[in-house]
Novice: 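I am attaching a structure below and will ask some questions about it afterwards.
Labels below follow one simple rule: chain letters A, B, ... track the order of the sequence lines, proteins then strands, and each chain is numbered from 1. Remember, it's a predicted structure, so these values are computed and weren't measured experimentally.
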Amino acid sequence: MYALNYVKARSLEEAARMLASHPEAKVLAGGMTLVPTLKQRLARPSHLVDILQLAELRGIAAKGGRLSIGAASRHDDVATSVVVKKAIPALAELAGLIGDPQVRNMGTIGGSLANNDPAADYPAAVLGLGATVFTNRREIAADEFFQGLFATALEEGEIITRVVFAVPKRAAYAKFHHPASGYAMAGVFIALTRDGVRVAVTGAGPGVFRWKAAESALSKSLEPSALEGAALDASELNQDIHASRDYRANLVRVMAKRALAKLSGKK
Amino acid sequence: MAKVTIKVNGKNQTRNVEDRTLLADFLRDELGLTGTHVGCDTSQCGCCTVHVNGRAVKSCSMLAVQANGAQVLTIEGLAKNGKLHPVQRAFSECHGLQCGFCTPGMIMATVGLLKDKPNPSEDDIIHGLEGNLCRCTGYINIVKAVKMGAKLMRGKGKRR
(Lines give C-alpha, C1' and ligand atoms only; values in the text may rest on other atoms or scores of the structure.)
Protein backbone atom coordinates (compact mmCIF):
# COMPACT_ATOMS: atom_id res chain seq x y z
CA MET A 1 0.00 0.00 0.00
CA TYR A 2 1.25 3.46 -0.82
CA ALA A 3 1.58 5.90 2.05
CA LEU A 4 -1.58 7.87 2.78
CA ASN A 5 -3.22 10.00 5.44
CA TYR A 6 -6.15 8.64 7.37
CA VAL A 7 -8.75 11.03 8.69
CA LYS A 8 -11.72 10.03 10.79
CA ALA A 9 -14.53 12.44 9.92
CA ARG A 10 -16.51 13.76 12.88
CA SER A 11 -19.46 14.85 10.78
CA LEU A 12 -20.79 14.45 7.27
CA GLU A 13 -20.00 18.09 6.67
CA GLU A 14 -16.41 17.64 7.74
CA ALA A 15 -16.09 14.61 5.45
CA ALA A 16 -17.43 16.64 2.53
CA ARG A 17 -15.01 19.47 3.33
CA MET A 18 -12.06 17.08 3.43
CA LEU A 19 -13.05 15.60 0.08
CA ALA A 20 -13.44 19.06 -1.44
CA SER A 21 -10.05 20.26 -0.28
CA HIS A 22 -8.21 17.06 -1.23
CA PRO A 23 -9.13 16.02 -4.76
CA GLU A 24 -7.18 12.77 -4.43
CA ALA A 25 -8.95 11.76 -1.22
CA LYS A 26 -11.25 8.75 -1.07
CA VAL A 27 -14.14 7.87 1.19
CA LEU A 28 -13.56 4.87 3.44
CA ALA A 29 -16.54 3.03 4.88
CA GLY A 30 -16.17 -0.70 5.59
CA GLY A 31 -13.20 -0.88 3.24
CA MET A 32 -14.01 -4.41 2.05
CA THR A 33 -13.15 -3.45 -1.53
CA LEU A 34 -11.08 -0.35 -0.94
CA VAL A 35 -8.50 -1.78 1.47
CA PRO A 36 -7.69 -4.81 -0.74
CA THR A 37 -7.49 -2.41 -3.71
CA LEU A 38 -5.01 -0.24 -1.84
CA LYS A 39 -2.98 -3.28 -0.83
CA GLN A 40 -2.58 -4.18 -4.48
CA ARG A 41 -1.54 -0.61 -5.24
CA LEU A 42 -4.39 -0.25 -7.69
CA ALA A 43 -5.31 3.10 -6.17
CA ARG A 44 -3.24 5.85 -4.64
CA PRO A 45 -5.45 8.22 -2.64
CA SER A 46 -3.78 11.04 -0.72
CA HIS A 47 -6.27 10.70 2.11
CA LEU A 48 -8.81 8.22 3.38
CA VAL A 49 -11.81 9.92 4.92
CA ASP A 50 -13.42 7.43 7.30
CA ILE A 51 -17.19 7.88 7.52
CA LEU A 52 -18.09 4.54 9.09
CA GLN A 53 -18.87 5.92 12.54
CA LEU A 54 -20.95 8.91 11.46
CA ALA A 55 -24.30 9.06 13.23
CA GLU A 56 -25.87 10.66 10.15
CA LEU A 57 -25.28 7.43 8.22
CA ARG A 58 -26.72 5.09 10.80
CA GLY A 59 -30.09 3.60 11.54
CA ILE A 60 -32.67 1.34 9.96
CA ALA A 61 -36.33 2.35 10.14
CA ALA A 62 -39.62 1.47 8.46
CA LYS A 63 -42.45 3.96 8.30
CA GLY A 64 -45.45 4.51 6.04
CA GLY A 65 -44.58 1.79 3.53
CA ARG A 66 -40.95 2.90 3.27
CA LEU A 67 -37.80 1.31 4.59
CA SER A 68 -34.81 3.56 5.20
CA ILE A 69 -31.34 2.10 5.66
CA GLY A 70 -28.39 4.26 6.71
CA ALA A 71 -25.43 4.07 4.33
CA ALA A 72 -23.04 2.89 7.04
CA SER A 73 -25.23 -0.09 7.96
CA ARG A 74 -23.17 -3.23 7.74
CA HIS A 75 -24.43 -6.15 5.67
CA ASP A 76 -24.86 -8.14 8.87
CA ASP A 77 -26.94 -5.32 10.39
CA VAL A 78 -29.31 -5.52 7.42
CA ALA A 79 -29.33 -9.34 7.30
CA THR A 80 -30.28 -9.64 10.95
CA SER A 81 -32.49 -6.55 11.32
CA VAL A 82 -35.97 -7.39 12.56
CA VAL A 83 -37.23 -4.25 10.82
CA VAL A 84 -35.79 -5.28 7.43
CA LYS A 85 -36.94 -8.88 7.82
CA LYS A 86 -40.47 -7.66 8.41
CA ALA A 87 -40.58 -5.00 5.69
CA ILE A 88 -38.59 -6.64 2.87
CA PRO A 89 -37.46 -10.14 3.85
CA ALA A 90 -35.80 -10.65 0.45
CA LEU A 91 -33.49 -7.73 1.19
CA ALA A 92 -32.42 -9.22 4.53
CA GLU A 93 -31.85 -12.54 2.80
CA LEU A 94 -29.76 -10.89 0.07
CA ALA A 95 -27.60 -9.09 2.63
CA GLY A 96 -26.95 -12.43 4.34
CA LEU A 97 -25.65 -13.87 1.07
CA ILE A 98 -22.96 -11.22 0.55
CA GLY A 99 -19.35 -12.40 0.81
CA ASP A 100 -18.74 -14.22 4.06
CA PRO A 101 -19.48 -13.47 7.75
CA GLN A 102 -16.31 -11.41 8.25
CA VAL A 103 -17.06 -9.31 5.17
CA ARG A 104 -20.66 -8.83 6.30
CA ASN A 105 -19.38 -7.58 9.66
CA MET A 106 -17.49 -4.72 7.99
CA GLY A 107 -18.91 -3.99 4.54
CA THR A 108 -21.67 -1.40 4.21
CA ILE A 109 -24.63 -0.88 1.90
CA GLY A 110 -23.43 2.62 0.99
CA GLY A 111 -19.96 1.35 0.16
CA SER A 112 -21.31 -1.46 -1.98
CA LEU A 113 -23.53 0.90 -3.96
CA ALA A 114 -20.86 3.57 -4.43
CA ASN A 115 -18.46 0.90 -5.67
CA ASN A 116 -21.07 -0.67 -7.98
CA ASP A 117 -19.17 -3.87 -8.59
CA PRO A 118 -20.85 -5.61 -11.53
CA ALA A 119 -21.19 -8.78 -9.43
CA ALA A 120 -22.28 -7.20 -6.15
CA ASP A 121 -25.63 -8.14 -4.63
CA TYR A 122 -27.02 -4.86 -3.33
CA PRO A 123 -27.30 -3.18 -6.75
CA ALA A 124 -29.78 -5.92 -7.75
CA ALA A 125 -32.02 -5.14 -4.77
CA VAL A 126 -31.76 -1.38 -5.13
CA LEU A 127 -32.52 -1.46 -8.85
CA GLY A 128 -35.08 -4.28 -8.53
CA LEU A 129 -37.00 -2.43 -5.85
CA GLY A 130 -36.65 0.92 -7.58
CA ALA A 131 -35.14 2.41 -4.42
CA THR A 132 -33.92 5.97 -3.97
CA VAL A 133 -30.30 6.71 -3.08
CA PHE A 134 -29.95 9.75 -0.82
CA THR A 135 -26.67 11.64 -0.75
CA ASN A 136 -25.37 14.70 1.06
CA ARG A 137 -26.51 16.70 -1.98
CA ARG A 138 -29.63 15.15 -3.52
CA GLU A 139 -31.82 12.10 -4.16
CA ILE A 140 -31.02 9.75 -7.02
CA ALA A 141 -33.48 7.19 -8.41
CA ALA A 142 -32.02 3.70 -8.79
CA ASP A 143 -32.74 3.77 -12.52
CA GLU A 144 -30.35 6.71 -12.86
CA PHE A 145 -27.86 5.71 -10.18
CA PHE A 146 -26.20 2.67 -11.78
CA GLN A 147 -24.19 3.49 -14.88
CA GLY A 148 -22.31 0.31 -15.73
CA LEU A 149 -19.02 -1.17 -14.63
CA PHE A 150 -18.03 0.48 -11.32
CA ALA A 151 -19.75 3.66 -12.52
CA THR A 152 -22.52 5.55 -10.72
CA ALA A 153 -24.26 8.90 -10.88
CA LEU A 154 -22.24 10.05 -7.85
CA GLU A 155 -20.22 13.20 -8.44
CA GLU A 156 -16.78 13.93 -7.00
CA GLY A 157 -17.02 14.23 -3.25
CA GLU A 158 -20.67 13.15 -3.10
CA ILE A 159 -21.45 10.79 -0.21
CA ILE A 160 -24.35 8.35 0.03
CA THR A 161 -26.23 8.90 3.28
CA ARG A 162 -29.07 6.38 3.09
CA VAL A 163 -31.17 4.25 0.80
CA VAL A 164 -34.94 4.38 0.90
CA PHE A 165 -37.01 1.46 -0.40
CA ALA A 166 -40.72 1.47 -1.08
CA VAL A 167 -41.96 -1.75 0.51
CA PRO A 168 -43.07 -4.05 -2.35
CA LYS A 169 -45.99 -6.44 -2.31
CA ARG A 170 -43.52 -9.28 -2.63
CA ALA A 171 -39.90 -9.70 -3.62
CA ALA A 172 -37.34 -12.47 -3.96
CA TYR A 173 -33.67 -12.87 -4.81
CA ALA A 174 -31.87 -15.88 -6.20
CA LYS A 175 -28.12 -15.98 -6.59
CA PHE A 176 -25.64 -18.39 -8.08
CA HIS A 177 -22.48 -17.47 -6.27
CA HIS A 178 -18.93 -18.06 -7.29
CA PRO A 179 -17.70 -20.59 -4.74
CA ALA A 180 -14.37 -18.85 -4.09
CA SER A 181 -15.25 -15.17 -4.10
CA GLY A 182 -18.88 -15.31 -3.01
CA TYR A 183 -19.74 -12.83 -5.74
CA ALA A 184 -22.74 -13.44 -7.98
CA MET A 185 -22.10 -15.30 -11.22
CA ALA A 186 -25.72 -14.37 -11.75
CA GLY A 187 -28.18 -12.91 -9.30
CA VAL A 188 -31.78 -12.03 -10.09
CA PHE A 189 -34.01 -9.86 -7.93
CA ILE A 190 -37.72 -9.85 -8.72
CA ALA A 191 -40.06 -7.38 -7.06
CA LEU A 192 -43.81 -6.99 -7.36
CA THR A 193 -44.03 -3.28 -6.71
CA ARG A 194 -47.02 -0.92 -6.71
CA ASP A 195 -45.88 0.14 -10.18
CA GLY A 196 -45.54 -3.35 -11.60
CA VAL A 197 -42.97 -6.13 -11.86
CA ARG A 198 -39.28 -5.24 -11.80
CA VAL A 199 -36.49 -7.68 -12.57
CA ALA A 200 -32.87 -6.70 -11.90
CA VAL A 201 -29.88 -8.83 -12.85
CA THR A 202 -26.41 -8.64 -11.32
CA GLY A 203 -23.21 -10.60 -11.96
CA ALA A 204 -24.01 -11.46 -15.54
CA GLY A 205 -23.45 -8.20 -17.37
CA PRO A 206 -21.00 -5.30 -17.22
CA GLY A 207 -23.23 -3.76 -14.57
CA VAL A 208 -26.58 -4.39 -12.93
CA PHE A 209 -29.44 -4.09 -15.43
CA ARG A 210 -33.19 -4.44 -15.67
CA TRP A 211 -34.32 -7.41 -17.71
CA LYS A 212 -37.19 -5.66 -19.40
CA ALA A 213 -38.33 -8.65 -21.49
CA ALA A 214 -38.79 -10.66 -18.29
CA GLU A 215 -40.67 -7.78 -16.69
CA SER A 216 -43.20 -7.64 -19.49
CA ALA A 217 -43.54 -11.45 -19.57
CA LEU A 218 -44.12 -11.57 -15.81
CA SER A 219 -46.62 -8.74 -15.91
CA LYS A 220 -48.87 -11.14 -17.88
CA SER A 221 -48.15 -14.29 -15.91
CA LEU A 222 -46.12 -15.19 -12.84
CA GLU A 223 -45.69 -18.78 -13.96
CA PRO A 224 -42.05 -19.83 -14.47
CA SER A 225 -42.94 -20.82 -18.04
CA ALA A 226 -43.55 -17.15 -18.77
CA LEU A 227 -39.78 -16.65 -18.60
CA GLU A 228 -39.07 -19.21 -21.32
CA GLY A 229 -39.78 -16.82 -24.12
CA ALA A 230 -38.29 -13.70 -22.52
CA ALA A 231 -35.48 -12.51 -24.76
CA LEU A 232 -32.01 -12.09 -23.28
CA ASP A 233 -29.13 -11.02 -25.51
CA ALA A 234 -26.15 -13.12 -24.44
CA SER A 235 -23.77 -11.04 -26.55
CA GLU A 236 -24.08 -8.26 -23.98
CA LEU A 237 -23.15 -10.48 -21.03
CA ASN A 238 -19.77 -11.10 -19.41
CA GLN A 239 -17.48 -13.87 -20.47
CA ASP A 240 -14.49 -14.99 -18.42
CA ILE A 241 -12.69 -18.10 -17.23
CA HIS A 242 -15.61 -18.93 -14.96
CA ALA A 243 -18.42 -18.89 -17.49
CA SER A 244 -19.19 -18.19 -21.12
CA ARG A 245 -21.82 -15.67 -22.19
CA ASP A 246 -24.32 -18.38 -23.08
CA TYR A 247 -23.77 -20.14 -19.76
CA ARG A 248 -24.40 -16.87 -17.93
CA ALA A 249 -27.53 -16.19 -20.00
CA ASN A 250 -28.85 -19.58 -18.99
CA LEU A 251 -27.93 -18.95 -15.36
CA VAL A 252 -29.88 -15.70 -15.41
CA ARG A 253 -32.98 -17.53 -16.62
CA VAL A 254 -32.55 -20.28 -14.03
CA MET A 255 -32.01 -17.75 -11.21
CA ALA A 256 -35.06 -15.81 -12.36
CA LYS A 257 -37.12 -18.99 -12.17
CA ARG A 258 -35.79 -19.73 -8.70
CA ALA A 259 -36.59 -16.21 -7.55
CA LEU A 260 -40.07 -16.60 -9.01
CA ALA A 261 -40.56 -19.89 -7.19
CA LYS A 262 -39.60 -18.19 -3.91
CA LEU A 263 -41.93 -15.34 -4.73
CA SER A 264 -44.81 -17.73 -5.18
CA GLY A 265 -43.92 -19.50 -1.97
CA LYS A 266 -43.06 -22.70 -3.80
CA LYS A 267 -39.62 -22.88 -2.22
CA MET B 1 2.04 8.67 11.40
CA ALA B 2 -0.88 8.11 13.70
CA LYS B 3 -1.05 7.45 17.40
CA VAL B 4 -3.43 4.61 18.04
CA THR B 5 -4.68 3.05 21.23
CA ILE B 6 -6.35 -0.29 20.87
CA LYS B 7 -7.51 -2.46 23.74
CA VAL B 8 -6.09 -5.82 22.73
CA ASN B 9 -7.12 -8.82 24.79
CA GLY B 10 -8.17 -6.50 27.61
CA LYS B 11 -5.02 -4.40 27.70
CA ASN B 12 -4.64 -0.92 26.21
CA GLN B 13 -1.83 -0.77 23.68
CA THR B 14 -0.66 2.59 22.35
CA ARG B 15 1.70 2.83 19.40
CA ASN B 16 2.72 5.32 16.74
CA VAL B 17 2.17 3.65 13.41
CA GLU B 18 2.01 4.62 9.78
CA ASP B 19 -1.55 5.34 8.68
CA ARG B 20 -1.33 2.53 6.14
CA THR B 21 -0.48 -0.14 8.76
CA LEU B 22 -2.87 -3.07 8.60
CA LEU B 23 -4.44 -4.27 11.82
CA ALA B 24 -2.91 -7.72 11.19
CA ASP B 25 0.57 -6.19 10.96
CA PHE B 26 -0.06 -4.06 14.04
CA LEU B 27 -0.93 -7.18 16.03
CA ARG B 28 1.93 -9.25 14.71
CA ASP B 29 4.77 -6.77 14.28
CA GLU B 30 4.02 -4.15 16.92
CA LEU B 31 2.58 -6.36 19.64
CA GLY B 32 4.24 -9.66 18.75
CA LEU B 33 0.88 -11.43 18.73
CA THR B 34 1.78 -13.83 15.96
CA GLY B 35 -1.15 -16.14 16.58
CA THR B 36 -3.06 -14.01 14.09
CA HIS B 37 -1.87 -15.44 10.79
CA VAL B 38 -1.68 -13.83 7.39
CA GLY B 39 -2.37 -16.52 4.83
CA CYS B 40 -3.49 -15.08 1.54
CA ASP B 41 -3.29 -11.34 2.18
CA THR B 42 -6.19 -10.91 -0.28
CA SER B 43 -9.10 -11.27 2.19
CA GLN B 44 -9.98 -14.78 1.05
CA CYS B 45 -8.57 -17.15 3.65
CA GLY B 46 -9.69 -15.79 7.01
CA CYS B 47 -6.50 -16.85 8.85
CA CYS B 48 -6.21 -13.28 10.16
CA THR B 49 -9.69 -13.26 11.75
CA VAL B 50 -9.92 -11.35 15.03
CA HIS B 51 -12.85 -9.75 16.82
CA VAL B 52 -13.18 -5.96 16.73
CA ASN B 53 -15.78 -4.73 19.20
CA GLY B 54 -17.19 -8.23 19.29
CA ARG B 55 -17.47 -8.79 15.54
CA ALA B 56 -15.30 -11.26 13.64
CA VAL B 57 -13.37 -9.40 10.93
CA LYS B 58 -10.37 -10.02 8.71
CA SER B 59 -7.53 -8.01 10.21
CA CYS B 60 -5.60 -8.00 6.93
CA SER B 61 -8.40 -5.96 5.34
CA MET B 62 -8.57 -3.27 7.95
CA LEU B 63 -6.20 -0.50 8.96
CA ALA B 64 -4.95 -0.32 12.52
CA VAL B 65 -6.17 3.30 12.67
CA GLN B 66 -9.70 2.10 11.87
CA ALA B 67 -9.55 0.12 15.11
CA ASN B 68 -8.33 3.08 17.15
CA GLY B 69 -10.28 3.09 20.42
CA ALA B 70 -11.76 -0.33 19.72
CA GLN B 71 -11.56 -3.57 21.65
CA VAL B 72 -9.77 -6.33 19.80
CA LEU B 73 -9.76 -9.99 20.75
CA THR B 74 -7.15 -12.26 19.20
CA ILE B 75 -6.55 -15.99 19.54
CA GLU B 76 -4.09 -15.22 22.36
CA GLY B 77 -6.90 -13.67 24.39
CA LEU B 78 -9.27 -16.65 24.28
CA ALA B 79 -7.76 -18.88 26.95
CA LYS B 80 -8.43 -17.75 30.51
CA ASN B 81 -6.04 -18.48 33.38
CA GLY B 82 -4.25 -21.14 31.42
CA LYS B 83 -7.49 -22.89 30.57
CA LEU B 84 -8.36 -23.27 26.90
CA HIS B 85 -11.54 -21.72 25.57
CA PRO B 86 -14.14 -24.46 24.88
CA VAL B 87 -13.73 -23.95 21.12
CA GLN B 88 -9.95 -24.33 21.40
CA ARG B 89 -10.48 -27.48 23.43
CA ALA B 90 -12.90 -28.82 20.85
CA PHE B 91 -10.50 -28.18 17.96
CA SER B 92 -7.78 -29.95 19.91
CA GLU B 93 -9.91 -32.93 20.90
CA CYS B 94 -11.53 -33.38 17.48
CA HIS B 95 -8.23 -32.74 15.74
CA GLY B 96 -9.89 -29.97 13.75
CA LEU B 97 -6.68 -29.20 11.94
CA GLN B 98 -3.95 -30.68 9.86
CA CYS B 99 -1.10 -28.20 9.45
CA GLY B 100 -2.72 -25.76 11.86
CA PHE B 101 -2.08 -22.59 9.89
CA CYS B 102 -5.76 -21.70 9.46
CA THR B 103 -6.68 -22.75 13.00
CA PRO B 104 -6.51 -19.37 14.79
CA GLY B 105 -8.81 -17.86 12.17
CA MET B 106 -11.11 -20.89 12.20
CA ILE B 107 -11.41 -20.67 15.97
CA MET B 108 -12.04 -16.91 16.01
CA ALA B 109 -14.65 -17.28 13.26
CA THR B 110 -16.26 -20.17 15.17
CA VAL B 111 -16.46 -18.15 18.39
CA GLY B 112 -18.16 -15.41 16.35
CA LEU B 113 -20.56 -17.89 14.77
CA LEU B 114 -21.54 -19.44 18.11
CA LYS B 115 -22.43 -16.03 19.53
CA ASP B 116 -25.23 -15.76 16.97
CA LYS B 117 -26.02 -19.44 16.69
CA PRO B 118 -25.25 -21.34 19.90
CA ASN B 119 -26.68 -24.53 18.46
CA PRO B 120 -25.71 -24.47 14.79
CA SER B 121 -26.80 -27.02 12.21
CA GLU B 122 -24.22 -28.53 9.88
CA ASP B 123 -25.40 -26.07 7.23
CA ASP B 124 -25.03 -23.13 9.64
CA ILE B 125 -21.46 -24.23 10.35
CA ILE B 126 -20.51 -24.62 6.69
CA HIS B 127 -21.95 -21.22 5.80
CA GLY B 128 -20.65 -19.67 9.00
CA LEU B 129 -17.10 -20.63 8.07
CA GLU B 130 -17.35 -19.54 4.44
CA GLY B 131 -14.81 -16.82 5.13
CA ASN B 132 -12.15 -19.31 6.20
CA LEU B 133 -10.14 -21.67 4.07
CA CYS B 134 -8.29 -24.79 5.20
CA ARG B 135 -5.88 -25.65 2.41
CA CYS B 136 -5.25 -29.06 3.93
CA THR B 137 -9.01 -29.50 3.37
CA GLY B 138 -9.45 -30.71 6.92
CA TYR B 139 -13.04 -29.56 6.97
CA ILE B 140 -14.69 -32.72 8.27
CA ASN B 141 -12.97 -32.51 11.64
CA ILE B 142 -13.34 -28.74 11.71
CA VAL B 143 -17.11 -29.11 11.44
CA LYS B 144 -16.99 -31.78 14.17
CA ALA B 145 -14.95 -29.43 16.35
CA VAL B 146 -17.45 -26.61 15.90
CA LYS B 147 -20.28 -28.93 16.93
CA MET B 148 -18.36 -30.03 19.98
CA GLY B 149 -17.36 -26.46 20.84
CA ALA B 150 -20.99 -25.43 20.67
CA LYS B 151 -21.96 -28.26 22.95
CA LEU B 152 -19.25 -27.40 25.46
CA MET B 153 -20.29 -23.77 25.44
CA ARG B 154 -23.90 -24.68 26.04
CA GLY B 155 -22.63 -26.44 29.15
CA LYS B 156 -23.11 -29.98 27.91
CA GLY B 157 -20.54 -32.72 27.64
CA LYS B 158 -18.16 -31.26 30.21
CA ARG B 159 -15.12 -33.40 30.45
CA ARG B 160 -12.49 -31.66 32.46
Novice: A:Asp100 vs B:Asn132, test: side-chain contact (heavy atoms from CB on, under 4.5 Å). Steps then yes/no.
Specialist: CA-CA 9 Å; A:Asp100 56 52; B:Asn132 295 74; over 6 Å; no
Novice: I'd like to verify something: which residue of B:Gly131, B:Cys60, B:Gly128 has the highest number of heavy-atom pairs under 4.5 Å with chain A?
Specialist: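 Heavy-atom pair counts peak at B:Gly131.
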Novice: Just so I understand: if I count every heavy-atom pair under 4.5 Å between each of A:Arg104, A:Gln40, A:Arg74 and chain B, which residue has the most?
Specialist: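 Option with the top pair count is A:Arg74.
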Novice: Side chain from CB out, backbone as N, CA, C, O: work out which of these in A:Asn5 comes under 4.5 Å of a heavy atom of chain B, or both, or neither.
Specialist: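 Answer is both: backbone and side chain atoms of A:Asn5 are under 4.5 Å from chain B.
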Novice: Taking side chain as C-beta onward, heavy atoms only, is A:Lys39 less than 4.5 Å from B:Asp41?
Specialist: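 When only atoms from C-beta onward are counted, B:Asp41 and A:Lys39 do touch, with a gap below 4.5 Å.
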Novice: As a test of understanding, state which of A:Leu4, A:Val7, A:Leu48 forms a side-chain contact (heavy atoms from CB on, under 4.5 Å) with B:Asp19.
Specialist: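 In the set A:Leu4, A:Val7, A:Leu48, the residue that makes a side-chain contact (heavy atoms from CB on, under 4.5 Å) with B:Asp19 is A:Leu4.
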Novice: What residue in B:Leu133, B:Thr49, B:Leu129, B:Thr42 has the most heavy-atom pairs under 4.5 Å with chain A?
Specialist: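 With the most close heavy-atom pairs to chain A, the winner is B:Thr49.
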Novice: Is there side-chain contact between B:Ser61 and A:Met32, with heavy atoms separated by less than 4.5 Å?
Specialist: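 Counting from C-beta outward, B:Ser61 and A:Met32 do come under 4.5 Å.
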Novice: Just checking A:Glu13: does its CD atom have more than 12 heavy atoms from other residues, nucleotides or ligands closer to it than 6.0 angstrom?
Specialist: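 Atom CD in A:Glu13 is not crowded, with 12 or fewer foreign heavy atoms closer than 6.0 Å.
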Novice: Is the number of heavy atoms from other residues, nucleotides or ligands under 6.0 Å of A:Arg10 CZ greater than 12?
Specialist: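 Open.
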Novice: Is B:Met1 close to chain A through its backbone or its side chain, or both, or neither, when contacts mean heavy atoms under 4.5 Å?
Specialist: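 Answer is neither: B:Met1 stays 4.5 Å or more from chain A.
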Novice: Take a 6.0 Å sphere around CD1 of B:Ile140 and say whether it holds more than 12 heavy atoms from other residues, nucleotides or ligands.
Specialist: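 Counting other residues, nucleotides and ligands, CD1 of B:Ile140 stays at 12 neighbours or fewer.
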Novice: In the structure I gave you, are the side-chain heavy atoms of A:Met106 and B:Val52 within less than 4.5 Å of one another anywhere?
Specialist: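 Sidechains of B:Val52 and A:Met106: no contact.
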Novice: Hey, does A:Leu38 have a side-chain heavy atom less than 4.5 Å from the side chain of B:Arg20?
Specialist: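 Sidechains of A:Leu38 and B:Arg20: no contact.
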Novice: Under 4.5 Å, heavy atom to heavy atom, which residues of residues 66-80 of chain B contact chain A?
Specialist: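 Result: B:Gln66, B:Asn68.
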Novice: Got a second to check how far B:Leu63's CG is from A:Met1's CE, nearest 0.5 Å?
Specialist: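 One finds 5.0 Å between CG of B:Leu63 and CE of A:Met1.
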Novice: Donor-acceptor pair, distance only, cut-off 3.5 Å: does the side chain of A:Asn105 make one with the backbone of B:Arg55?
Specialist: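 No; zero donor-acceptor contacts below 3.5 Å.
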Novice: Counting heavy-atom pairs under 4.5 Å with chain B, which one of A:Pro101, A:Gly182, A:Ser181 comes out on top?
Specialist: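 Option with the greatest count: A:Pro101.
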Novice: Measure B:Ala2 against the heavy atoms of chain A and call it side chain, backbone, both or neither at under 4.5 Å.
Specialist: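 Interface part for B:Ala2: neither.
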Novice: Which residues in residues 98-119 of chain B have any heavy atom lying under 4.5 Å from a heavy atom of chain A?
Specialist: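 Result: B:Ala109.
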Novice: Pick one of side chain, backbone, both or neither for A:Leu28, based on which atoms fall under 4.5 Å of a heavy atom in chain B.
Specialist: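 Interface part for A:Leu28: side chain.
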